[in-house]
2 protein chains.
Amino acid sequence: MADVKGGPNPLFLREEELRQAMELLFFAYRDFTGEPDQILADYGFGRAHHRVIYFVGRNPGITVSELLAILRITKQSLSRVLSQLVADGFITQRPGLRDRRQRLLDLTDKGRELENKLTEQQRVRIARAYRSAGAEAVEGFRTVLINIIDAADRGRFDRPELAGRPAAAKTPPTKTAGRR
Amino acid sequence: MADVKGGPNPLFLREEELRQAMELLFFAYRDFTGEPDQILADYGFGRAHHRVIYFVGRNPGITVSELLAILRITKQSLSRVLSQLVADGFITQRPGLRDRRQRLLDLTDKGRELENKLTEQQRVRIARAYRSAGAEAVEGFRTVLINIIDAADRGRFDRPELAGRPAAAKTPPTKTAGRR
DNA sequence: CTTTTACGTCAGCCATATTGACATATCTAC
DNA sequence: GTAGATATGTCAATATGGCTGACGTAAAAG
């Protein structure tokens, strides 16, 4: 890991700094995901259900393939939680308009309600952190995280568009679906 | 980059921004943890083993209680992977000096080797992200993440000390161990 | 018509987490 | 020294969420 000390170190990426980054990610994710789990337990759901509900809520009409690409799990793993969510009335399926093989997914009102309940504490946590860190730090946070993410998925964060654009998260129908 | 021009909008914490933060965390963690798993599979290990190896390597002589507090899992869950790692010669146990009930954990050479192999790609990923984001963004990244983490664990990141101080990661023997 | 794609499902496997109960060694306090 | 708390280990039972491989169907695309 090239330990070139001295001077205005262009290699300020020393071991310790990198380790701290790794740990920051670990602890932040641990605490970020820690809270919704109790609520989920009340419904007999797990973290996987939360992820599905979240991304369906975020991308109404998302296809199964797109969801698989986001979650990076297998069709079967998704299938299990998804059918549960459909059976329990949190998510609806409808055939695709242009491609009727697809099953476009949407939250029901009940689903939206649960989604909101689940992300509530997470929003509070982030908001608190953003507030005390300040706008400039938030920009840095975003920049670094985007660069940690695989290049293929960085497009999802193209720009916050603080004006409220819904953010084209669906990825235009390129051949990108089903990677892995 | 800071797009907050104009009025110092106190409500820059709008829904969309918070959602993006949540997704950044999800995608970054997904990709950050994605790579070591293949290596682990070669050893018949899972992500839990990685976490144990990592934190033992980071905190030589750590006790089981401290490890439990970090990982936030049950004694039994830890016990399983830990005994495996000890049996396979990646970790050694020795009785505590002041308190002989404790079993202080350390990596063996073999353990250090595996640890290095596992975190290698993660270090590269972070280093790349840090490099292209720049020092200022890195500071923001750290600040926000620390604020996302539960207050109880923020002390672990007291200061990077870019001058090379090893950073007291062990948390002085306060009564902090064993929360939860 | 054939091939490919999108999706579903069945069967079986494994890793990781949980709770609860109990055992042992050791430290601490009285 | 005895009592109680602490640090750790372990057993049993259970659940979740991943995985692979195989197979099936419907529809799009050539």
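Bear in mind the structure is a predicted one, so any value in this text is a computation, not a measurement. Lettering of chains follows the sequences in order, A, B, ..., and the numbering in each one begins at 1.
The pair A:R72-B:D31 meets the salt-bridge criterion, since a charged nitrogen lies less than 4.0 angstrom from a carboxylate oxygen. Electrostatic pairing of A:R19 and A:E23 does not count as a salt bridge here, judged by no charged N lying under 4.0 Å from a carboxylate O.
In this structure, the nucleotide among D:dA7, C:dG8, C:dT18 sitting nearest to the side chain of A:Q93 is C:dG8. Comparing C:dT16, D:dT8, C:dG8 against the side chain of B:R47 picks out C:dT16 as the nearest. Set against C:dG8, D:dT8, C:dA6, the side chain of B:Q102 has D:dT8 as its closest nucleotide. Considering only side-chain atoms of B:D99, the nucleotide from C:dC27, C:dA17, D:dA28 that sits closest is C:dC27.
Base engagement by A:R80 is indicated by at least one non-hydrogen atom pair under 4.0 Å involving a base atom. Residue-level contact check: B:Q84 touches neither bases nor backbone, having no heavy atom under 4.0 Å from any strand.
At D:dC19, one or more side-chain N or O atoms of A:S77 fall inside 4.0 Å of OP1 or OP2 (strictly under the cut-off). For B:R103 and D:dT8, the shortest distance from a side-chain N or O to OP1 or OP2 is not below 4.0 Å. For C:dA15, the OP1/OP2 oxygens have no side-chain nitrogen or oxygen of B:H49 closer than 4.0 Å. Between A:S79 and C:dG8, a side-chain N or O to OP1/OP2 separation shorter than 4.0 Å is absent.
In this structure, the CG atom of A:L68 is 12 Å from the P atom of D:dT20, given to the nearest Å. The separation between A:F45 atom CZ and D:dA15 atom C1' is 15 Å, rounded to whole Å. If you take CD1 of B:I73 and C1' of D:dG9, they are 14 Å apart, rounded to a whole angstrom. A:L40 places its CG atom 17 Å from the P atom of C:dA17, with the value rounded to the nearest Å. Nucleotide C:dT19 holds its C1' atom 16 Å from the CG atom of B:L78, rounded to whole Å. Distance, A:Q38 CD to C:dT19 P: 11 Å, rounded to whole Å. Atom CZ of B:R98 is separated from atom P of D:dT6 by 16 Å (rounded to the nearest Å). The separation between B:K75 atom NZ and C:dA17 atom P is 17 Å, rounded to whole Å.
Looking at which nucleotide of DNA chain D each of A:G46 and B:L104 is closest to, the 5′-most match is held by B:L104. DNA chain D is contacted by both A:L97 and A:G44; A:G44 maps to the nucleotide lying nearer its 5′ end (nearest heavy atom per residue).
Residue side chain B:R101 reaches the base of D:dT6 through a donor-acceptor N/O pair under 3.5 Å, judged by distance alone. For A:Q76 against C:dT9, a side-chain-to-base donor-acceptor contact under 3.5 Å is present.
A:F45 and A:F90 have their aromatic ring centers within a separation under 6.0 angstrom. Taking the six-membered ring for Trp, B:F26 and A:F55 have ring centres closer than 6.0 Å.
Put simply, the side chain of B:R125 gets close to the backbone of A:I148: a donor and an acceptor are under 3.5 Å apart.
Under a hydrophobic clustering in which Ile, Leu, Val, Met, Phe, Trp and Tyr are joined whenever their side-chain heavy atoms come within less than 4.5 Å, directly or via other members, A:F27 and A:Y29 fall into the same cluster.
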